[in-house]
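Lettering follows sequence order; numbering is per chain, from 1.
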Protein chains: 2
Amino acid sequence: MVTSTQEESEKVDHRPTLHDVARAADVSIMTASRALNGQARVSAETRERVLSEAARLGYRPSFSARALRARESQLLGFRAPNLMLPVHVEIIQGARDYASQEGYRLLLEVDPDESASGDTFTTDGDLVMGEPPAFLRPSLARCVSLMGRPSAYDIDACGTNLAEATLDALHHLADKGYRRIGLLHHALISPAFSPSQRLIDSGCDQDPELIQVVSNDKSSVLEGLSRLMSLDPRPDAIAVVHVVGTPHVLRELHRHHFVIGRDIGFVGTEVSSSEWGDLIAPRMTAIQVPARQVGAEGAARLIARLRGDRSPARQITIPTMLIERESTPGPWR
Amino acid sequence: MVTSTQEESEKVDHRPTLHDVARAADVSIMTASRALNGQARVSAETRERVLSEAARLGYRPSFSARALRARESQLLGFRAPNLMLPVHVEIIQGARDYASQEGYRLLLEVDPDESASGDTFTTDGDLVMGEPPAFLRPSLARCVSLMGRPSAYDIDACGTNLAEATLDALHHLADKGYRRIGLLHHALISPAFSPSQRLIDSGCDQDPELIQVVSNDKSSVLEGLSRLMSLDPRPDAIAVVHVVGTPHVLRELHRHHFVIGRDIGFVGTEVSSSEWGDLIAPRMTAIQVPARQVGAEGAARLIARLRGDRSPARQITIPTMLIERESTPGPWR
DNA sequence: CTGTTAGCGCCTTCAT
DNA sequence: ATGAAGGCGCTAACAG
């Protein structure tokens, strides 16, 4: 039994609109609108009829028309530079969960950075990874920067303090007795890293070569690692403050038959909710980046703004956590 | 030096529209539109003026208005049931990459499954995980089902053949000499699994208890595992055809001090581009689900449809790959 | 080369 | 309880 749509020659080639529904239910467009939106007073009988016709026709309100009328799209843009790294993914999840709860949806924006500024469309607001690109300048009030370094602009931001996390990791290693600690980290880690007094007091090597700044490219990471490992003497521990880099480094170390924990101490970085560091052998001591919360808090901030919050820009910092597992037993076993 | 926007008391509280730009450049709205869209004939001088005013005002075209006018939003919905599993993530990436290349963007749709059908908005088309929900029925022509089982509806679909992958995994184990193989798999794996002749010929145990169907819940997975492990005799190998379940099972096995490879053979499932199975010790023999391609091919299909392709519905199957690593050395070492 | 007219689908406002 | 007008921002199709 096929419930066909073409009774009475209602051949509708386009998606059915309110107009179609109204005609089918033999009421005015307005009545149809009211019936569907539930709110206003419509006779129960009429409402029934409209609803059933709408269902039969498969009516779905036009997003664009509503947005145009309401002057807001309930859309939040999520802009990340090119790739979709694990961190982004987690952030998206956090943001999406929060946003959808508040009736907003997420639009994934490709960000060819240099794209013609006129080429972009309107969302109610944007979550942007790092610095907001130039064409968003005029609407900074509707932007929240995620995981960026403290911005030059007066803009809401939400991130973690990777600089502190780095020190935490190094302190942990120092406490375990490692004295020649290699550090591999991302350029994002704001101001040039400088070792703490505590590290110096611990008697750790201060060789500047022990600090390598790398990008998200696998090759860049491996190059940094190789510089580290060809130092003389070789580091007795490595901290990788770099979500993308961590697996690369581990794999490479494996490849060279280094046994983590025994031959070298190791602190990696993982996104908090994935915790794969828990699966590998030995289990990896790790900095956990609370990406999900960053996404959620960022979305919360943005939505608050959209709803009229005019308080001064806020910098939200969600702390990382250092999870000690078994890749950092200390140098003498 | 502040380049303020409020010259000549042009206080614009709302986002600037074409109207504002036109007025500022002292031309008609149409001219402004043409100048900005580049196409039509506008005097170079006028164009300059419009462009610069637009830039100064921070004009961005209204997405909704354009979409309304053009009768298409260039938006593809991605609908997944509640959670965002690793597979979804990869699929999204694949889809996004393809879509953005073609000028479409992805809208992440929460899918409260049972939500009022009228509550949803219009996208040009939808990528949906599994079966399209009822309210999408009328527009099946604009839907591509991802990773679903062969659908009752005549609809484009894109997925992998997990049933075959399962057999592959079991054959691999049998070839390695395992004879009592436990299988943990997801309900999605379409028709009830039945062992192949080849397995029977290999002399593998046919105990039906060796096949456990589980859901995406951690608890369900662990329960299935525990049923498997309390069998007598215990399985000498396990195949987990389940992206989400694999890490859970590994972790649990660890917890019980099973050494993968030595105490028990193991085939897991991973999403192809993450390859974390490569990182753990021993490196995990794995079924690789080509999630990214599924997303990309799905998007390609959908976009082709939107562009007028009227060919009969197609079922695209992208094969999984079985990567042999070290967790399946065979039972006798 | 530039301006005018009309209308995309919806909803707020004001009648009836 | 229902309907009629008008307009959100934009652009195709015609003028001029």
Side-chain angles (χ1 to χ4, degrees), chain A residues 12-51 53-54 57-75 103 118-124 139, chain B residues 12-51 53-54 57-75 118-124 138-139:
Chain A
V12 192
D13 55 343
H14 58 296
R15 313 263 270 234
T17 75
L18 213 40
H19 183 75
D20 299 317
V21 176
R23 196 155 39 78
D26 195 38
V27 292
S28 81
I29 292 186
M30 265 328 295
T31 308
S33 170
R34 283 194 273 250
L36 286 164
N37 295 333
Q39 332 244 24
R41 300 137 309 177
V42 180
S43 82
E45 185 190 11
T46 311
R47 162 177 285 107
E48 287 304 315
R49 199 149 28 93
V50 171
L51 257 44
E53 285 305 305
L57 260 32
Y59 168 75
R60 290 208 284 158
S62 151
F63 164 74
S64 338
R66 271 199 181 164
L68 178 57
R69 183 66 246 237
R71 296 148 149 285
E72 57 180 18
S73 59
Q74 303 289 97
L75 249 39
D119 255 37
T120 90
F121 292 90
T122 316
T123 49
D124 287 353
S139 49
Chain B
V12 193
D13 55 343
H14 58 298
R15 314 263 269 237
T17 74
L18 213 41
H19 183 76
D20 299 315
V21 176
R23 196 156 38 79
D26 197 37
V27 293
S28 81
I29 293 186
M30 258 331 286
T31 308
S33 169
R34 283 194 272 250
L36 286 164
N37 294 333
Q39 334 241 25
R41 301 134 309 173
V42 180
S43 82
E45 184 190 12
T46 311
R47 163 177 285 106
E48 287 304 314
R49 198 148 29 94
V50 171
L51 256 43
E53 286 304 306
L57 260 33
Y59 168 76
R60 288 209 285 158
S62 153
F63 163 74
S64 338
R66 273 197 180 164
L68 179 57
R69 183 68 245 240
R71 297 151 147 285
E72 59 181 16
S73 59
Q74 304 288 99
L75 250 39
D119 255 37
T120 92
F121 292 91
T122 317
T123 48
D124 286 354
S139 50

Q. In whole angstroms, how far is the C1' atom of D/dA4 from the NE2 atom of A/H19?
A. 14 Å
Q. Please give, in whole Å, the distance from C/dC11 C1' to A/Q74 CD?
A. 15 Å
Q.
Under 3.5 Å, is there any donor-acceptor pair linking the side chain of B/R34 to the base of C/dG3?
A. yes
Q. Would one find a side-chain N or O of A/S28 under 4.0 angstrom from OP1 or OP2 of D/dG3?
A. yes
Q: Would you mind classifying the nucleic acid contact of B/I29 as base, sugar-phosphate or nothing, using non-hydrogen atoms under 4.0 angstrom?
A: base
Q) Just by distance, do the side chain of B/E72 and the backbone of B/D124 share a donor-acceptor pair under 3.5 Å? A) no
Q | Nucleotide of D/dC10, D/dT2, C/dG3 approaching B/M30 most closely (side-chain heavy atoms) | A | C/dG3
Q: For A/L18 and C/dC8, give me the distance from atom CG to atom P, rounded to whole Å.
A: 13 Å
Q) How would you label the contact of A/S64 with the nucleic acid (heavy atoms, under 4.0 Å): base, sugar-phosphate, or nothing? A) nothing
**Q.** Spacing between A/R49 atom CZ and D/dT2 atom C1', to the nearest angstrom
**A.** 12 Å
(Q) Rounded to the nearest 0.5 Å, what separates atom CZ in B/R69 from atom CZ in B/R71? (A) 9.0 Å
Q: Take atom CZ of A/R23 and atom C1' of D/dG3, then tell me their distance rounded to the nearest Å.
A: 17 Å
Q.
It should be established whether A/S33 places a side-chain nitrogen or oxygen under 4.0 Å from OP1 or OP2 of nucleotide C/dC11.
A. yes
Q) Can you tell me how far P of C/dC8 sits from CZ of A/R15, to the nearest Å? A) 17 Å
(Q) Please classify the nucleic acid contact of B/L68 as base, sugar-phosphate, or nothing, using heavy-atom distances under 4.0 Å. (A) base
Q: Check the distance between D/dT11's C1' and B/E72's CD and give it to me in whole angstrom.
A: 13 Å
**Q.** Residue pair B/Y59 / B/P61, side-chain heavy-atom distance below 4.5 Å
**A.** yes
Q: Specify the residue among A/A65 and B/S43 whose closest nucleotide of DNA chain C lies further upstream toward the 5′ end.
A: B/S43
Q) Out of curiosity, B/E53 CD to B/L36 CG, how far, rounded to the nearest 0.5 Å? A) 11.0 Å
Q: Remember a base hit wins even if backbone is also touched, and classify A/R69 as base, sugar-phosphate or nothing at under 4.0 Å, heavy atoms.
A: base
Q. Nearest 0.5 Å, what's the CG-OG1 distance between B/D26 and B/T31?
A. 10.5 Å
Q: Would you please confirm or rule out a distance under 4.0 Å between OP1 or OP2 of C/dC10 and any side-chain N or O of A/S62?
A: no
Q: Using atom CZ of B/R71 as one end and atom P of C/dC10 as the other, report the distance to the nearest whole Å.
A: 11 Å
Q. Are OP1 or OP2 of C/dG9 and a side-chain N or O of A/R66 less than 4.0 angstrom apart?
A. no
